[in-house]
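Heads up: the structure comes next, in C-alpha cells.
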Amino acid sequence: SSVGVVLTEFVQSDYARAVFNTRRVGGSDYGQIHGMFDSVRLVGTRLELKPRQACENVEGLFDRLAKYLRARIPQIKDVVEIIRDG
C-alpha cells in the first residue's frame, strides 16, 4: 500500500473521526489527510508529518498512527511529528 492510501484509511477511521469531532474539524477537511496534517513528507524510511493546529497535542495520536503505518507499510521505520516554530 502507498502512504497516501494508508493515511487516508487512518483519517477515515472511527478514531480519527472522534479526533476531528473533538477538535471541531469539519466541512471539506473532515476525514481528509489535509484535515489532520499541514504536510506529509516521506524521506527514505522516515515519514514526517506536521499536524494542523487543530490536531496538535492530541494525546496518543502519533503513537497510534505510527503503529498503524508500520503494520501496513513495514518499510517505514520512523514516524516523526514536525512541531511548528513559535
Side-chain angles (χ1 to χ4, degrees):
S1 289
S2 74
V3 170
V5 169
V6 175
L7 275 177
T8 298
E9 290 170 358
F10 181 82
V11 298
Q12 292 178 352
S13 68
D14 290 342
Y15 169 78
R17 289 178 186 277
V19 170
F20 285 133
N21 289 337
T22 302
R23 297 301 178 110
R24 292 182 171 77
V25 175
S28 62
D29 292 335
Y30 190 86
Q32 301 297 317
I33 294 170
H34 66 260
M36 190 167 277
F37 303 105
D38 278 336
S39 69
V40 176
R41 201 168 75 142
L42 185 61
V43 183
T45 60
R46 171 185 166 114
L47 185 66
E48 299 177 348
L49 298 141
K50 184 176 187 179
R52 283 188 57 183
Q53 197 162 5
C55 294
E56 285 181 337
N57 305 315
V58 175
E59 190 172 342
L61 172 64
F62 271 81
D63 288 339
R64 193 170 187 140
L65 176 58
K67 285 179 187 155
Y68 186 80
L69 280 164
R70 283 197 215 101
R72 298 289 312 280
I73 309 174
Q75 302 91 316
I76 293 179
K77 303 296 181 211
D78 298 304
V79 177
V80 179
E81 179 177 5
I82 304 299
I83 307 296
R84 67 185 76 240
D85 297 331

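The model shown is predicted, which means the values in this text are computed figures rather than measured ones.
- The salt bridge (charged side-chain N to carboxylate O under 4.0 Å, His left out) analysis of residues 55-68, with sequence neighbours excluded, yields the pairs E56-R84.
- Taking each heavy atom of C55 and G35 in turn, the nearest pair found is SG-O, 4.0 Å.
- A distance of 6.0 Å separates OG1 of T45 from CG of D78, quoted to the nearest 0.5 Å.
- Open room surrounds CZ on R41; 12 or fewer heavy atoms of other groups in view lie less than 6.0 Å from it.
- The aromatic rings of F62 and F37 lie perpendicular to each other, with more than 60° between the two planes, well past the 30° mark.
- For the residue pair R23 and N57, the shortest heavy atom distance occurs at NH2-O, 3.3 Å.
- Nearest heavy atom pair, residue Q12 against residue G31, reads CG-O, 3.3 Å.
- Take Y15 and apply the side-chain hydrogen bond (donor to acceptor under 3.5 Å, both in side chains) test, not counting sequence neighbours, and it matches no residue.
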Let me see the working for V43 and E48 under side chain to side chain contact (heavy atoms under 4.5 Å, CB included), right down to the final yes or no. CA-CA 8 Å; V43 183; E48 299 177 348; 4.1 Å; yes

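- For R52, the side-chain hydrogen bond (donor to acceptor under 3.5 Å, both in side chains) partners at least two apart in sequence or on another chain are D29.
- P74 and K77 get closest at one heavy-atom pair: O-NZ, 3.2 Å.
- The two atoms that bring R70 and I76 nearest to each other are CG-O, 3.3 Å, heavy atoms only.
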Walk me through it: do L7 and L49 pass the test side chain to side chain contact (heavy atoms under 4.5 Å, CB included)? CA-CA 11 Å; L7 275 177; L49 298 141; 4.2 Å; yes

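- Put simply, the side chain of I73 does not reach to within 4.5 Å of the side chain of L47, judged on heavy atoms.
- Cluster annotation: I82 and F10 are assigned to distinct hydrophobic clusters (Ile/Leu/Val/Met/Phe/Trp/Tyr, side-chain heavy-atom contacts under 4.5 Å, transitive).
- Y30 approaches R17 most closely through the heavy-atom pair CE2-NH1, 2.9 Å.
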